[in-house]
Every structure is written in structure tokens, then in C-alpha cells.
Enquirer: 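Here's a structure for you.
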Amino acid sequence: MLALIRYSVPSGQTEEFLTQAHDIVDTLAGQPGYVRGRVSRSVDEPELWALVSEWEGAGFYRRALGAARMSMYPLMTLMINEPSAFEDVDRP
């Protein structure tokens with residue numbers, strides 16, 4: 001399962017965002033079902049960032065969000081409100 005949380009980060013907040021986003025990845029990495037994660041930036045829109053993580057299943061991801069809530073809180077105002085959990089789909 002892929003989790004994608006996007007953020008709109010003004011250029012003056014980039015350093016602070018990166019520190020906090022990597023703290024979130026570190027917190028998520030300690031949770032059951034975590035596979036891998038990273039922080040990414042849009043090549044075309046430098047203010048658009050993504051926290052991308054992979055999980056063994058949606059349940060693991062949702063429980064991990066609860067554990068990471070405190071580290072995620074400071075970035076909530078920058079978060080783009082949209083669905084974040086995606087499942088892999090096999091070819092027909």
C-alpha cells in the first residue's frame with residue numbers, strides 16, 4: 001500500500017519543513033508494517049512536497065498515523081487535504 005501526503009510549503013519554510021518531515025518519516029519507520037518512506041519535492045512546482053511511504057497494508061498505515069500524530073501536527077496547516085492511501089492494482 002502506498003501513502004502519499006502532499007504539502008504546499010512556502011519557500012521561506014523549506015528548512016523547517018524538511019526537518020519536521022524527516023522526523024515524521026523516522027516516527028513512521030518505527031511502526032509495524034512500515035516498508036519504506038521518503039520526502040520528495042516537485043520538479044515543476046518547488047513549493048509542492050510529498051511525504052511518501054509504503055506499508056504492508058492500510059491498517060498498518062492508519063494505526064501508524066495515530067502514533068505519528070504529534071510529529072505531524074506542526075505541518076497540518078501546510079497539508080493538502082486529499083485522500084492519502086492508495087492500493088496497488090494488478091493489470092487486467
Side-chain angles (χ1 to χ4, degrees):
M1 191 232 107
L2 176 74
L4 174 68
I5 302 173
R6 296 189 316 146
Y7 297 89
S8 180
V9 182
S11 58
Q13 295 180 24
T14 300
E15 272 189 53
E16 183 180 350
F17 170 79
L18 274 173
T19 299
Q20 292 175 333
H22 283 110
D23 286 347
I24 293 169
V25 172
D26 291 344
T27 300
L28 294 175
Q31 303 305 308
Y34 177 87
V35 176
R36 76 181 125 261
R38 64 192 173 276
V39 178
S40 300
R41 185 180 200 173
S42 171
V43 175
D44 299 314
E45 294 181 46
E47 292 187 352
L48 185 60
W49 292 78
L51 193 153
V52 182
S53 56
E54 293 179 47
W55 298 86
E56 291 176 15
F60 289 109
Y61 170 62
R62 293 205 165 97
R63 284 187 291 281
L65 286 177
R69 181 172 300 158
M70 294 307 293
S71 60
M72 294 179 85
Y73 185 75
L75 298 182
M76 290 246 182
T77 59
L78 303 175
M79 190 182 295
I80 297 172
N81 188 16
E82 61 188 5
S84 63
F86 298 85
E87 62 184 353
D88 291 333
V89 178
D90 294 328
R91 283 185 160 197

Enquirer: Does any pair with a residue in residues 27-42 pass salt bridge (Lys or Arg N to Asp or Glu O under 4.0 Å), and if so which ones, sequence neighbours excluded?
Expert: Arg36-Glu54
Enquirer: Other than Val52, what residues sit in its cluster of Ile, Leu, Val, Met, Phe, Trp and Tyr side chains whose heavy atoms are under 4.5 Å apart, directly or through others?
Expert: Leu2, Leu4, Phe86
Enquirer: With rounding to the nearest 0.5 angstrom, report the CD to OH distance, Gln20 to Tyr7.
Expert: 9.5 Å
Enquirer: Would you please name every residue forming a side-chain contact (heavy atoms from CB on, under 4.5 Å) with Val39, sequence neighbours left out?
Expert: Phe17, Leu18, Ala21, His22, Val25, Trp49
Enquirer: Donor-acceptor pairs are to be reported for all side-chain atoms of residues 60-80 against protein atoms at under 3.5 Å, with residues two or more places apart or in another chain.
Expert:
residue, atom, partner, partner atom, Å
Tyr61, OH, Ser84, OG, 2.9
Arg63, NH1, Gly59, O, 3.4
Ser71, OG, Ala68, O, 2.9

Enquirer: Restricting to pairs with a member in residues 75-87, which pass salt bridge (Lys or Arg N to Asp or Glu O under 4.0 Å), not counting sequence neighbours?
Expert: Arg6-Glu82
Enquirer: Mind checking whether Leu28 and Leu51 have side chains closer than 4.5 Å, heavy atoms only?
Expert: yes
Enquirer: Which pair of heavy atoms, one from Ser53 and one from Tyr34, lies closest together, and at what distance?
Expert: CB-CE1, 4.4 Å
Enquirer: Testing the basics here: between Ser11 and Glu47, what is the closest heavy-atom pair and its distance to 0.1 Å?
Expert: N-OE2, 3.6 Å
Enquirer: Please name all residues satisfying salt bridge (Lys or Arg N to Asp or Glu O under 4.0 Å) with Glu15, sequence neighbours left out, ordered by chain then number.
Expert: none
